[in-house]
S.K.: 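The structure under discussion is supplied below as structure tokens; questions concerning it will follow.
Here is the naming used below: chain letters follow the sequence lines, and residue numbers restart at 1 for every chain.
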Amino acid sequence: MEKKPKMVSMSKRRRTVNIISYITLALISIVWILPFIFLLLKSFDVGNPGVTGYVFPEQWGFDNYIYLFSAETNFLQWYFNTFIIALFVCVIQTAMQFMMSYVLSRFRFKLRKPLMNIMLVLGMFPGFLTMIVLYQILKTFGLTGDNAVPGLILVYCASSGMGYYVSKGFLDTLPKSLDEAALVDGATRAQIFIKVILPLCKPILIYTVLTSFMGPWGDFVFAYTVSLGSQAGMNVAAGLNSWLSAANIGAHFAHFCAGGVIVAIPVMVLFLFLQKYYVEGVTGGAVKG
Amino acid sequence: MKQYSDLELLRLSRSQKFGYKVGLFFKRIPLWFKNLGIKIWGFIKGIGLGIFNWFKTIIMTFIQGDWKTKVSYFVMGFGSIARGQILRGIIFALFEVVFILYMVFFGGHYLSRLYILGEVESAVDAESGTIVYGENSFNILLYGVLTLFFIVAFIYTWNLNIKQNRISEQIIKDNKKLETAQDDLRAMVDKEFHKTLLAIPTIGILIFTVLPIFFMILVAFTNYDANHTPPLNLFGWVGWDNWAQLFTWTNSDGASFSMTFGQILLWTLIWAFFATFSNYFIGMLIAMLINKKGIKLKKLWRTVLVFSIAIPQFISLLFVSNMFKTDGIINGILGTHIDFWGNAILARITVIVINLWIGVPYLMLVVTGILMNIPADLYESANIDGANPWQQYSKITLPYMLFITGPYLLTSFTGNMNNFNVIYLLTGGGPNVQEYYGNAGKTDLLITWLFSLAVNDSNYKLAAVIGIMVFIVVAVLSLVVYNIIPSTRNEEEFQ
């Protein structure tokens, strides 16, 4: 319901302010959306495969997309690898994070504070510091190069317990009386976790699954090191990035754009469907942290 | 310095008040250090006392315990089995067997070579011409550290085994029943459920985070680089040599490590500052604009911005990076040939601006949630008092936001210091300059420099030094800021 204007001049001023606001918002939206439009347009450019300065291609066509699915590239392999990794990671990572955050939120034991402090300190080390060691560890088990997929799943998941903050923040808001009531009724802690707490965590569960599913699609560093140039073991990020090296970019930039569109579409669709949960997770997590 | 009472403080002018507060801050520094010293001393004393008490209990248990307990000191789990707790006993005994086998056939060798990291060099066999590999320093260091971890785990379990005996003796003495295997299994899903849940995540963290970090800290004290790469070459301990490089300002060829480190650290801090606060304020502005009364299609505006989070960063950033090339779209539209990535200052500004595009949507979401929590009556009474929008913003919104988001700002500052993706995918650290050590560039952050040193130059020793320095900077910053900001809340209170 609109408030009745106190004065005519007031309503006029408000209207101009609103118009300015709309214009600003429209401009901002354009700035944010424009790179994707450019990306999309470039992916249909069949005239010039390199980096170009024009917006609208002179020759349109689907050749870049056809190239992706042809036998000339391993794009499908990369795509499949990434999909498999993302699938495994989103399940395992979510499970690990919830185990950790449930324990830290609900149990009080002697090592709880030290454990949290240690994880805080460990989190302050830059992640890539450990890269070469992880590579060697994986290599010992033969999980690099062509077999990089299980290796990468291991790397993404193994330490994921350290990312418990957001889900713990959510669990902390669930009243403890729930647990206590169930305990009185004779439920074991495991039953409480699975039957009482988990169903209540649906929004944050979806958030965790979504973010951990999106992670592997964008990771470049570990995928690049662990696969180490093996076409069969790369994910899309490492693979598409290899098209942008100084030697390849002239012939492959348009292919990169087409590949980018294909990669972005499923993630984006998923994201738009689950946007509500993502927003809840981000807003909740940052404040309660 | 003169100490003012509250009443006197109120009478001072604004600048005097400020000066007074600054003076007070510096005056407190010695006290702060003193408290820190007391804390550290207390910590050391606590550890010393803990170890002393531990030894005392171990010895007392041995003296006072029955023969089953005494045997358990050497054969783990014997006491448990003898008292009928078969399951526990078998697990203890099994662990001891595994440990002994591990030490004899694997760990013992690596541990014994840890002090020198191998001496036998690789050589070319004169007859066949094949390479005969010598000792592998990398494996010695890695498995040596792993063995140390294993030993700690063994001592812990051994202690647990003795504690078990002590408790069991007490229970028997009190004429109570010992826990059966069934009780133990039930406890795993009930009273001790937290241990069950924690087992896998902590083992993962131990092997994939703690062990590698220990390893890399040790690498910072070796000469592990391109000339000393296993398995062909050995590397060894060099003490503080790598760290000395960090503090050696003069260098013959002009590109000294310490100078480069200083410059890059400075840029990392500048970048983190601008990246954090530009995102923060612009994100807040946009969030306020969208949430303003009378603005329609709120959901649409938000979705448009959030859109950019959904696209994997490597696609959007790599594409944007090419948009800003000399022959890219931006120059094409403007009709110019600006070399955005070739000029140091221009590249730095461009990176910060493009980072807005990445970070603002996220900030907008965070801020929106908080904005809605600000009590509306604050604004209503401000309106009645005739405060203009700017006054409302600076006196209500901003202080409230800063208070709530204090910890978040800190984490996003340290996050930006380590923001690998934005820098690496946009500029790759460039433009590279001659006066920097190890092919570092003008937009390189410490983290991207670390990456290129390790991956391109195989200069692991200095990469390790940089990694540890990043940790130190982040840790000190967090410690100081957490002690200053008011919104570090008590988590128990919150529940």
Side-chain angles (χ1 to χ4, degrees), chain A residues 14 18 21 24-25 28-29 32-33 35-36 38-39 51 53-55 96 99-100 102-103 107 109 122 124-126 128-134 136 155 157-159 161-162 172 176 188-190 217-218 220-221 237 241 244 253 257 260 263-264 267-268 271-272 275 279 282-283 286-287 289, chain B residues 138 142 189-190 193-194 197-198 201 204-205 207-210 212-213 215-216 286 289 292 294-295 301 304-306 308 310-316 318-320 322-323 325 327-329 331-332 357 365-366 368-370 404 407-408 418 420 447 450-451 454 460 467 470-471 474-475 494-495:
Chain A
R14 179 165 290 169
N18 271 357
S21 308
T24 325
L25 281 174
I28 290 170
S29 305
W32 252 267
I33 230 71
F36 303 122
F38 289 159
L39 179 77
V51 180
Y54 50 77
V55 176
M96 298 268 259
M99 292 197 297
M100 189 60 102
Y102 176 68
V103 168
F107 290 86
F109 49 100
L122 287 177
M124 289 179 186
F125 280 96
F128 308 140
L129 188 62
T130 58
M131 199 174 52
I132 54 159
V133 192
L134 292 181
Q136 285 294 334
V155 168
C157 293
S159 301
M162 280 166 65
D172 283 347
K176 273 188 173 168
T188 65
R189 301 272 186 176
W217 292 91
F220 165 72
V221 178
N241 190 56
L244 292 189
F253 187 63
C257 294
V263 171
V267 181
M268 233 157 55
F271 194 85
L272 288 182
Q275 193 194 349
V279 173
V282 169
T283 48
V287 186
Chain B
F138 191 99
L142 182 60
V189 293
D190 198 6
F193 187 48
H194 61 282
L197 284 184
L198 280 181
I205 292 171
I207 296 178
F208 281 81
T209 303
V210 181
I213 285 177
F215 178 92
M216 286 313 284
I286 293 179
L289 202 60
K292 216 163 81 78
I295 293 285
W301 305 120
V304 167
L305 288 183
V306 170
S308 68
I311 315 265
Q313 278 190 358
F314 86 94
I315 298 171
S316 50
L318 282 173
F319 185 76
V320 171
N322 283 301
M323 273 170 57
K325 277 192 171 168
D327 50 356
I329 290 183
N331 273 316
W357 186 78
L365 290 182
V366 172
T368 306
I370 304 167
I404 298 278
Y408 175 79
N418 289 329
F420 180 86
I447 185 86
L450 185 160
F451 180 78
Y460 303 111
V470 170
F471 165 74
V474 170
F494 182 73
Q495 283 188 332

S.K.: Minimum heavy-atom separation for Ala310(B) to Val267(A), with atom names?
M.R.: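 Of all heavy-atom pairs spanning Ala310(B) and Val267(A), the closest is O-CG1, 3.3 Å.
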
S.K.: Looking at Pro126(A), Gly161(A), Ala264(A), which makes the most heavy-atom pairs under 4.5 Å with chain B?
M.R.: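 Going by pairs under 4.5 Å, I would pick Pro126(A).
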
S.K.: Highest number of heavy-atom pairs under 4.5 Å with chain B: which of Tyr54(A), Phe128(A), Tyr102(A)?
M.R.: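 With the most close heavy-atom pairs to chain B, the winner is Phe128(A).
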
S.K.: Is it the backbone or the side chain of Asn322(B) that comes under 4.5 Å from a heavy atom of chain A, or both, or neither?
M.R.: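 For Asn322(B), the contact with chain A is made by backbone and side chain together.
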
S.K.: Is Leu134(A) close to chain B through its backbone or its side chain, or both, or neither, when contacts mean heavy atoms under 4.5 Å?
M.R.: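 When you check distances to chain B, only side chain atoms of Leu134(A) fall under 4.5 Å.
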
S.K.: Pick from Phe138(B), Phe420(B), Phe319(B): which one has the most heavy-atom pairs with chain A under 4.5 Å?
M.R.: Phe319(B)

S.K.: For Leu142(B), is it the side chain, the backbone, both, or neither that has a heavy atom closer than 4.5 Å to a heavy atom of chain A?
M.R.: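 It is the side chain, since no backbone atom gets that close.
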
S.K.: Assign the ring pair Phe36(A) / Trp357(B) to parallel, tilted or perpendicular, where the plane angle (0 to 90°) is split at 30° and 60°.
M.R.: tilted

S.K.: Could you tell me which of Leu450(B), Asp327(B), Val474(B) has the largest number of non-hydrogen atom pairs under 4.5 Å with chain A?
M.R.: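 Winner by heavy-atom pair count: Asp327(B).
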
S.K.: Would you mind telling me which of Ala454(B), Gly332(B), Ala475(B), Pro212(B) has the largest number of heavy-atom pairs within less than 4.5 Å of chain A?
M.R.: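 Highest number of pairs under 4.5 Å: Pro212(B).
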
S.K.: Might you point out which heavy atoms bring Val51(A) and Gly328(B) nearest each other, and give the distance in Å?
M.R.: CG1-CA, 4.1 Å

S.K.: Please classify the contact of Cys157(A) with chain B as side chain, backbone, both or neither, using a heavy-atom distance under 4.5 Å.
M.R.: neither

S.K.: State, with a plain yes or no, whether a side-chain heavy atom of Phe271(A) is found less than 4.5 Å away from one of Val306(B).
M.R.: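 In short, these two side chains touch, coming nearer than 4.5 Å.
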
S.K.: How far apart are the closest heavy atoms of Leu25(A) and Ile295(B), and which atoms are they?
M.R.: CD1-CG2, 3.9 Å

S.K.: Any heavy-atom pair between the side chains of Phe451(B) and Met131(A) that's under 4.5 Å?
M.R.: yes

S.K.: Would you indicate whether the side-chain heavy atoms of Val55(A) and Ile329(B) approach each other to under 4.5 Å?
M.R.: yes

S.K.: Chain A: which of Thr368(B), Asn331(B), Val470(B), Leu289(B) shares the most heavy-atom pairs with it under 4.5 Å?
M.R.: Leu289(B)

S.K.: Specify which of Cys257(A), Ala158(A), Gly218(A), Gly260(A) makes the most heavy-atom pairs with chain B at under 4.5 Å.
M.R.: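 So the answer, after comparing Cys257(A), Ala158(A), Gly218(A), Gly260(A), is Ala158(A).
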
S.K.: Once rounded to the nearest 0.5 Å, what's the spacing between atom CG of Leu318(B) and atom CG of Asn241(A)?
M.R.: 5.5 Å

S.K.: Using every non-hydrogen atom in the two residues, find where Leu129(A) and Gly467(B) come nearest and quote the distance to one decimal.
M.R.: CD1-CA, 3.8 Å

S.K.: Could you tell me which portion of Phe125(A) (side chain, backbone, both or neither) has an atom closer than 4.5 angstrom to a non-hydrogen atom of chain B?
M.R.: both

S.K.: For Leu39(A), is it the side chain, the backbone, both or neither that has a heavy atom under 4.5 Å from a heavy atom of chain B?
M.R.: both

S.K.: Rounded to the nearest 0.5 Å, how far apart are CG of Leu244(A) and CZ of Phe314(B)?
M.R.: 9.5 Å

S.K.: Tell me, side chain or backbone of Phe109(A) under 4.5 Å from chain B's heavy atoms, or both, or neither?
M.R.: side chain

S.K.: Which distance, rounded to the nearest 0.5 Å, do you find between the CD1 of Ile213(B) and the CE of Met124(A)?
M.R.: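 The CD1 atom of Ile213(B) sits 11.5 Å away from the CE atom of Met124(A).
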
S.K.: Most heavy-atom pairs under 4.5 angstrom with chain B, which of Val155(A), Asn18(A), Ile132(A), Leu272(A)?
M.R.: Ile132(A)

S.K.: Of the non-hydrogen atoms in Met100(A) and Ile205(B), which two are nearest, and what is the gap between them?
M.R.: CE-CD1, 3.9 Å

S.K.: Indicate the atoms forming the closest heavy-atom contact of Thr188(A) with Asp190(B), along with that distance.
M.R.: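 Looking at all heavy atoms of both residues, the shortest contact is CA-OD1, 3.5 Å.
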
S.K.: Would you indicate whether the side-chain heavy atoms of Leu305(B) and Ile28(A) approach each other to under 4.5 Å?
M.R.: yes

S.K.: side-chain contact (heavy atoms from CB on, under 4.5 Å) for Leu122(A) and Val210(B)? Distances and angles first, verdict last.
M.R.: CA-CA 7 Å; Leu122(A) 287 177; Val210(B) 181; 3.6 Å; yes

S.K.: Which answer fits Phe215(B), side chain, backbone, both or neither, if we ask what part of it has an atom under 4.5 Å from a heavy atom of chain A?
M.R.: side chain

